[in-house]
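Quick notes on the structure that follows.
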Amino acid sequence: MTAYKIIVSYDGTDFHGWQIQPQDVTVVSTLQSSWQRLFGSAISIVGASRTDAGVHALGQVARFYAEPPARLSTEELRTVWNAHLPSSIHIRSLELAPPGFRPCANVKQKTYYYVLFLRRPLPFVARFGWLYRFIDQVDHEKFFNCLQLYKGTHDFGSFCKIETDDVTTIRTIDDITVKPLKRWGALLITIKGPGFARFQIRRMIGYALDV
């Protein structure tokens, strides 16, 4: 069996998250079923992150093992696979994984983008951000200062949904920046850290807005 590393982008609107769900369509189930239809073998994909329903990805890193399809280079394999995926999923790169590659264990830093609309968005971008209904009442300076309080290592237990396999709710936020997206009429909030708990980021943004 050969280990492959893929980087995937997806629009998460129509999926029930990244991870396999018993009765729901997810990004992983779509990738795995399309591979099986194409090449007649089952694969199991492990990602560096588990995104929730409706969450999108620019560069989700994942690994899977498979028997190499005959006579196809990795680039040809990527092209063929992409052609049989819905337009909401795109494999940006596919290559042989380095020895010992583990997407979760090898993470150095993750980047999470959160788009906050300052006015009603155009329909072309509406699914990629949130319009807070009291946004006109938000003090932007105070909001920014609240976000800075999250930097560092803290127990974020009050900000996340506890998963059965979570060993700790302590997480580290390396950096948070905010910059305007004038064309969208929005703010782009960029959060960086080695990992985030379920619902952590959206609740961090929400609580800061409440303040």
Side-chain angles (χ1 to χ4, degrees), residues 6-37 42-64 81-82 84-92 103-104 107 109-117 120-135 147 150 156-169 171 173 176 181 184 186-210:
I6 56 175
I7 298 179
V8 188
S9 291
Y10 51 86
D11 179 335
T13 304
D14 298 327
F15 297 103
H16 291 266
W18 164 263
Q19 201 77 354
I20 287 281
Q21 302 291 337
Q23 305 297 328
D24 297 317
V25 177
T26 67
V27 178
V28 167
S29 68
T30 303
L31 286 165
Q32 292 181 172
S33 62
S34 64
W35 177 281
Q36 187 157 20
R37 288 195 305 272
I43 60 171
S44 179
I45 298 175
V46 176
S49 299
R50 293 178 296 176
T51 52
D52 299 325
V55 176
H56 319 291
L58 286 172
Q60 170 73 282
V61 180
R63 182 207 65 199
F64 68 96
W81 197 0
N82 270 330
H84 290 79
L85 288 170
S87 60
S88 51
I89 301 178
H90 178 71
I91 301 171
R92 295 175 56 180
C104 293
V107 169
Q109 189 180 68
K110 298 179 181 180
T111 300
Y112 194 118
Y113 299 109
Y114 198 102
V115 176
L116 182 66
F117 292 116
R120 182 173 176 174
L122 293 171
F124 315 107
V125 298
R127 65 175 57 185
F128 302 117
W130 178 41
L131 178 62
Y132 178 52
R133 61 176 178 163
F134 300 118
I135 193 64
L147 291 177
Y150 295 130
F156 285 94
S158 299
F159 293 79
C160 60
K161 181 176 180 179
I162 307 300
E163 301 286 356
T164 55
D165 56 350
D166 282 339
V167 295
T168 180
T169 54
R171 296 289 189 274
I173 301 297
I176 300 182
L181 293 176
W184 285 20
L187 297 176
L188 176 65
I189 304 163
T190 303
I191 303 100
K192 295 185 177 184
F196 314 111
R198 191 178 184 189
F199 299 157
Q200 177 187 341
I201 301 300
R202 65 180 70 181
R203 289 178 178 173
M204 285 167 51
I205 303 298
Y207 291 148
L209 287 169
D210 283 346

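Minimum interatomic distance between Asn82 and Ile91 (heavy atoms only, all atoms of both residues): OD1-N, 2.8 Å. Minimum heavy-atom separation, Pro103 to Val46: CG-O, 3.6 Å. Pairing each heavy atom of Cys104 with each of Gly47, the nearest pair is SG-O, 3.2 Å. For Gly59 against Ser9, the heavy-atom pair with the smallest separation is N-OG, 4.3 Å.
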*asked:* Walk me through whether Trp35 and Ile45 qualify under side-chain contact (heavy atoms from CB on, under 4.5 Å).
replied: CA-CA 11 Å; Trp35 177 281; Ile45 298 175; over 6 Å; no
*Carefully, step by step, assess Thr30 and Tyr10 under the rule side-chain contact (heavy atoms from CB on, under 4.5 Å).*
CA-CA 11 Å; Thr30 303; Tyr10 51 86; over 6 Å; no
_For Ile89 and Val27: C-alpha separation, side-chain torsions, deciding distance, then whether side-chain contact (heavy atoms from CB on, under 4.5 Å) applies._
CA-CA 8 Å; Ile89 301 178; Val27 178; 4.1 Å; yes
*Evaluate side-chain contact (heavy atoms from CB on, under 4.5 Å) for Ile173 paired with Tyr112, printing each intermediate quantity in order.*
CA-CA 11 Å; Ile173 301 297; Tyr112 194 118; over 6 Å; no
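Qualifying ring pair (Phe, Tyr, Trp, His ring centres under 6.0 Å) partners for Phe117, counting only residues two or more places apart in sequence or in other chains: none. For Trp184, there are no ring pair (Phe, Tyr, Trp, His ring centres under 6.0 Å) partners two or more places apart in sequence or in a different chain. Applying the ring pair (Phe, Tyr, Trp, His ring centres under 6.0 Å) criterion to Phe134, with sequence neighbours excluded, gives Tyr132. Taking the side chain to side chain contact (heavy atoms under 4.5 Å, CB included) definition, one finds that Ala208 meets it with Phe143, Cys146, Leu147, Tyr150, sequence neighbours left out.
For the atom pair CZ of Arg198 and CZ of Arg50, the computed distance is 8.0 Å after rounding to the nearest 0.5 Å. Distance check, rounded to the nearest 0.5 Å: CD1 of Ile7 to NE2 of His90 gives 11.0 Å. A distance of 10.5 Å separates OH in Tyr113 from CD1 in Ile191, rounded to the nearest 0.5 Å. Summarising the geometry, atom CG belonging to Asp11 is positioned 4.5 Å from atom CZ belonging to Phe128; distances are rounded to the nearest 0.5 Å. Summarising the geometry, atom OG1 belonging to Thr51 is positioned 13.0 Å from atom CZ belonging to Phe196; distances are rounded to the nearest 0.5 Å. Taken to the nearest 0.5 Å, the CG atom of Leu209 stands 5.5 Å off from the CD1 atom of Ile135.
Two residues are said to be in side-chain contact when any heavy atoms from C-beta on lie closer than 4.5 Å; Leu131 and Pro121 meet this criterion. Side-chain atoms of Phe64 and Leu31, non-hydrogen and from C-beta on, never get closer than 4.5 Å to each other. Using a 4.5 Å cut-off on side-chain heavy atoms (C-beta onward), Tyr114 and Ile176 make no contact.
A side-chain hydrogen bond (donor to acceptor under 3.5 Å, both in side chains) check over residues 16-27, counting only residues at least two apart or in different chains, returns the pairs Thr26-Ser29.
A donor-acceptor pair under 3.5 Å is formed between the side chain of Arg92 and the backbone N or O of Leu58. Panel note: side chain Gln32, backbone Ala42; no donor-acceptor pair is recorded below 3.5 Å.
The number of heavy atoms from other shown groups lying within 6.0 Å of NZ (Lys110) is above 12.
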Going by atom type alone, with no hydrogens or angles, which donor-acceptor pairs under 3.5 Å involve a side-chain atom of residues 199-207 and a protein atom two or more places apart or on another chain?
{"from": "Gln200", "atom 1": "OE1", "to": "Ala197", "atom 2": "N", "distance (Å)": "2.8"}
{"from": "Arg203", "atom 1": "NH1", "to": "Cys160", "atom 2": "O", "distance (Å)": "3.4"}

